[in-house]
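When a residue number appears, it is its place in the shown sequence, counting from 1.
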Amino acid sequence: MSAAELASSREKLVVMKFGGTSVEDAKAMLRTAGIVRGRRERGLATVVVVSAMAKVTDQLLAAADAAGRGDKAGALAISSRLRNRHLDTASDLLCGELLLEMQKEIRGRFDSLDELLRGIAAVGELTPRTSDRVVSYGERLSSRMVAEAFAQHGLNGIHVDARHCIITDDHFGKAIPQESAIEAKLQQMVLPLADAGQTPVMGGFIGGTAEGVTTTLGRGGSDFTAALVGGGLHAGAIEIWTDVNGIMTTDPRICADALRVKTISFEEAAELAYFGAKVLHPATILPAVQKSIPVWVLNSRNPGNEGTKITAVAPPCASPFKSIAAKKKLTIVDVVASRMLMSHGYLKAVFDIFDKYRCVIDMVSTSEVSISVTVDSNERLPEICAELSKIADVKMEGHKALICMVGEDIRGRSGISGRVFSAIRHVNVRMISQGASEINMSFMVEESDVDEAIRALHAEFFAEPDPTVFDTEARTVAARA
Ligand code: ADP
Ligand code: ASP
Ligand code: MG
C-alpha cells in the first residue's frame with residue numbers, strides 16, 4: 001500500500017466508544033449494533049470500545065469492598081445479582097449455539113469472580129491490585145457479549161482482550177498507559193482485523209502491565225481507552241457515544257434547559273472535563289490532540305443528532321462562555337505559617353507533602369500568611385495534615401465544590417467577573433481563580449449551593465445563546481409547545 005493509500009485507509013477508520021448506558025441491557029446493545037452498522041454502511045472501518053453495563057462497576061467495587069471487610073456473604077450476594085443480570089441479558093441478546101456458549105462463559109467467569117471474592121474475604125484485606133482484578137470483570141464481560149451480538153447481527157464482531165493491548169504501569173486503580181507499547185500492540189492485534197473488515201470489540205477502562213497483571217485507568221476511563229486506541233491506530237475520528245446529545249452548556253441533570261454545544265476546542269473540552277463535566281474523561285483529549293484526531297460526543301439514544309465536535313480551533317462565539325462544570329466532594333486545606341511563608345523553599349516543602357501522597361491539587365491561593373489549596377477528598381488527607389502540622393497550622397474544610405466556567409471568549413472581555421458574581425451574589429464564594437490558560441474562571445462554593453449557583457449562572461449567560469455555536473432549536477421547540 002502506498003503512503004497516500006495508507007493515509008486514506010486510516011482516515012476511514014473510526015473508533016466508537018459506547019458508555020455504560022449505551023450497553024446497559026440487550027435493547028441498548030442492539031441499538032449500539034445499529035449505530036455501528038450505520039457507520040459500516042458509509043464505508044467506514046469500525047473499532048469498538050465498550051464500558052461495563054451501567055452501574056456494574058459500582059457494584060463490583062461494592063462487592064470488593066464487602067469482601068475486604070470480611071463480609072463474604074454480602075460480596076457473594078452482589079456477585080450473584082450481577083451473574084443473573086448478565087445471564088438475562090445474554091438470553092435477550094443471543095440465540096442458538098452462541099447463547100449456549102455465552103451462558104457457559106458467563107457462569108465460568110462468575111465462578112472465578114466468586115473464588116476471588118472468597119479469597120479476599122478470607123484474608124480480610126483488599127489491595128488496589130486485587131480491586132482492579134475484581135472490577136475488570138465488568139468490561140471483560142460486556143465486551144464479550146457485545147462482540148457476540150455483533151457477530152450474530154452480521155457485523156463481523158470479534159473480541160479483543162484490552163488487557164493485552166492497553167499496556168500500563170502498575171499504579172493500580174489509576175494506571176499510566178505506555179503509549180508506544182500500546183501503539184505497537186494495536187497495530188499488531190487490532191489493525192489487521194479492522195483491515196480485514198471485522199469489527200474488533202474491546203473493553204474500555206482495563207489494561208495490563210507488560211507482565212500481564214490486570215490494571216485499570218481510573219473511573220470513567222473507557223473514554224481514555226477510546227482515545228488511546230484512536231491515537232494508536234491513527235484513526236480518522238473518535239466517537240464517544242453516551243446518553244446526552246453532546247457536550248452541553250452545563251450538566252442537563254442540574255439544568256433542564258442546557259443546550260448542546262455544536263463545536264468546542266480541545267482546550268475548552270479538556271478544562272471542562274478536568275473540572276468535573278463527567279461527559280468526558282479528562283485524559284481523553286491528549287492522545288487525540290497529539291495526533292489531531294477530531295473527537296465527537298454523540299447520543300446513542302438519539303443517533304440522528306449531530307452531537308458535539310471537538311476540534312483544534314474553536315469557532316468565534318458571541319457568548320463569553322461555552323459551558324459550566326462543577327466538581328464536588330472537594331476539601332479546602334488552609335496552611336497558615338505567619339513567619340515562614342515567603343522564606344526560601346517553604347512552598348516546595350508544603351507541596352512536596354501533597355506530592356508524596358499522590359494528592360492532586362486543583363486550585364491554590366495565597367495570602368501574606370497562608371496558602372489555601374483545594375484537593376479531591378483523598379483518603380490520605382489525615383496523614384497529609386499530620387505532616388503539614390509539623391511546619392504550619394493546618395485547617396481542613398470539607399463539602400466544598402468548585403464551579404468552573406469555560407470559554408475562549410473570556411480572553412480580553414471586560415465586565416465578565418462582575419456579571420458572574422452578581423448572578424450568584426446570594427452564594428458564599430471562597431477562593432477565586434482565573435486559570436493561567438485564560439479560558440476558565442473558577443471559584444469554590446459550599447457543595448449544597450452548587451446546583452442553585454449553576455442555574456443562576458446558566459440563566460445569566462445562556463439566555464440569548466449564539467445559534468452558530470449552540471443548538472438553540474431544542475429551546476425554540478420547547479418554547480412553542
Ligand atoms: P457514559 O456512561 O456514557 O460514559 P457518563 O455518565 O460518564 O456517561 O457521562 C454522561 C453524563 O455526563 C450525562 O448523563 C450528564 O448528566 C453528565 N454531564 C455532566 N456535565 C455535562 C455536560 N457539560 N454536558 C453533557 N453531559 C454532562
Ligand atoms: N466502567 C468504568 C466506570 O464506571 C469505566 C467507564 O465507564 O468509563 O468508571
Ligand atoms: Mg463516562
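Side-chain contact check for Thr214 and Ser136: no donor-acceptor pair (N or O, by modelled atom type) lies under 3.5 Å. Side-chain atoms of His171 and Arg358 form a donor-acceptor pair, as typed in the model, at a separation below 3.5 Å. Donor-acceptor pairing under 3.5 Å is lacking for the side chains of Ser22 and Thr32. There is no side-chain donor-acceptor pair under 3.5 Å between Thr209 and Asp170.
For Ala314, the side chain to side chain contact (heavy atoms under 4.5 Å, CB included) partners are Ser265, Glu268, Lys322, Glu408, not counting sequence neighbours. Under the side-chain hydrogen bond (donor to acceptor under 3.5 Å, both in side chains) criterion, Thr250 pairs with no residue, sequence neighbours left out. A search for side chain to side chain contact (heavy atoms under 4.5 Å, CB included) contacts involving Ala386 returns nothing, not counting sequence neighbours. For Asp243, the salt bridge (Lys or Arg N to Asp or Glu O under 4.0 Å) partners at least two apart in sequence or on another chain are Arg253. Partners of Arg39 under the salt bridge (Lys or Arg N to Asp or Glu O under 4.0 Å) rule, at least two apart in sequence or in another chain, are Glu239. Among residues two or more places apart in sequence or in another chain, the side-chain hydrogen bond (donor to acceptor under 3.5 Å, both in side chains) test is passed with Lys72 by none. In terms of the side chain to side chain contact (heavy atoms under 4.5 Å, CB included) criterion, residue partners of Ser389 (sequence neighbours excluded) are, by chain and number, Val394. A search for salt bridge (Lys or Arg N to Asp or Glu O under 4.0 Å) contacts involving Glu101 returns nothing, not counting sequence neighbours. Take Lys400 and apply the salt bridge (Lys or Arg N to Asp or Glu O under 4.0 Å) test, not counting sequence neighbours, and it matches Glu397, Glu446. Scanning for side-chain hydrogen bond (donor to acceptor under 3.5 Å, both in side chains) contacts around Arg144 gives Glu105, Glu148, with sequence neighbours left out. For Gln198, the side chain to side chain contact (heavy atoms under 4.5 Å, CB included) test picks out Asn156, Ile158, Leu193, with sequence neighbours left out.
Taking the side chain as every heavy atom from C-beta outward, Ile264 and Val406 never approach each other to under 4.5 Å. Counting heavy atoms from C-beta outward, Leu272 and Leu280 have side chains that stay 4.5 Å or more apart. Counting heavy atoms from C-beta outward, Val160 and Cys165 have side chains that approach closer than 4.5 Å. Within the 4.5 Å cutoff, side-chain heavy atoms of Val375 are placed close to those of Ile361. Contact annotation: the side chain of Thr127 approaches that of Glu125 to within less than 4.5 Å [non-hydrogen atoms, C-beta and beyond]. A heavy-atom distance below 4.5 Å is not found between the side chains of Leu298 and Asn305.
Between the side chain of Asp169 and the main chain of Ile176, a donor-acceptor pair closer than 3.5 Å is present. Of the possible polar contacts, none joining the Thr216 side chain to the Asp132 backbone as a donor-acceptor pair under 3.5 Å is found. Put simply, the side chain of Thr308 gets close to the backbone of Val261: a donor and an acceptor are under 3.5 Å apart. Arg40 contributes a side-chain N or O that, together with a main-chain N or O of Gly197, makes up a donor-acceptor pair within less than 3.5 Å. At distances below 3.5 Å, not a single donor-acceptor pair connects side-chain atoms of Arg133 with backbone N or O atoms of Leu116. Side chain of Glu183 to backbone of Gly231: no donor-acceptor contact under 3.5 angstrom is found. At distances below 3.5 Å, not a single donor-acceptor pair connects side-chain atoms of Thr168 with backbone N or O atoms of Pro177. Under a 3.5 Å cut-off, the side chain of Asp223 and the backbone N or O of His281 do form a donor-acceptor pair.
No salt bridge links Asp355 with Lys348; every basic N to acidic carboxylate O contact stays at or beyond 4.0 Å. A salt bridge links Asp451 and Lys328; the closest N-O separation between the charged side-chain nitrogens and carboxylate oxygens is under 4.0 Å. With salt bridges taken as basic N to acidic carboxylate O contacts below 4.0 Å, none links Lys17 and Glu139.
Remark: Arg83 CZ is packed, more than 12 non-hydrogen atoms of other residues, nucleotides or ligands lying under 6.0 Å away. Remark: Lys291 NZ is packed, more than 12 non-hydrogen atoms of other residues, nucleotides or ligands lying under 6.0 Å away. For Arg301, the CZ atom counts as densely surrounded, since its 6.0 Å shell holds more than 12 non-hydrogen atoms of other residues, nucleotides or ligands.
For the atom pair NE2 of His164 and CE of Met202, the computed distance is 11.0 Å after rounding to the nearest 0.5 Å. The CE atom of Met29 sits 4.0 Å away from the CE atom of Met145 when rounded to the nearest 0.5 Å. To the nearest 0.5 Å, atom NE2 of residue His86 and atom CD1 of residue Ile106 are 7.0 Å apart.
Among residue pairs with one or both ends in residues 89-98, none qualify as side-chain hydrogen bond (donor to acceptor under 3.5 Å, both in side chains); sequence neighbours excluded.
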Where do Leu76 and Arg118 land on the side-chain contact (heavy atoms from CB on, under 4.5 Å) test, with the steps shown first? CA-CA 8 Å; Leu76 293 178; Arg118 279 193 206 99; 3.9 Å; yes

For Asp161 and Arg163, run salt bridge (charged side-chain N to carboxylate O under 4.0 Å, His left out): C-alpha distance rounded to whole Å, both residues' side-chain angles, the deciding distance at 0.1 Å, then the answer. CA-CA 5 Å; Asp161 192 333; Arg163 296 172 303 164; 2.8 Å; yes

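Between Phe18 and Trp241, the ring-plane angle classifies as parallel under the 30° and 60° cut-offs.
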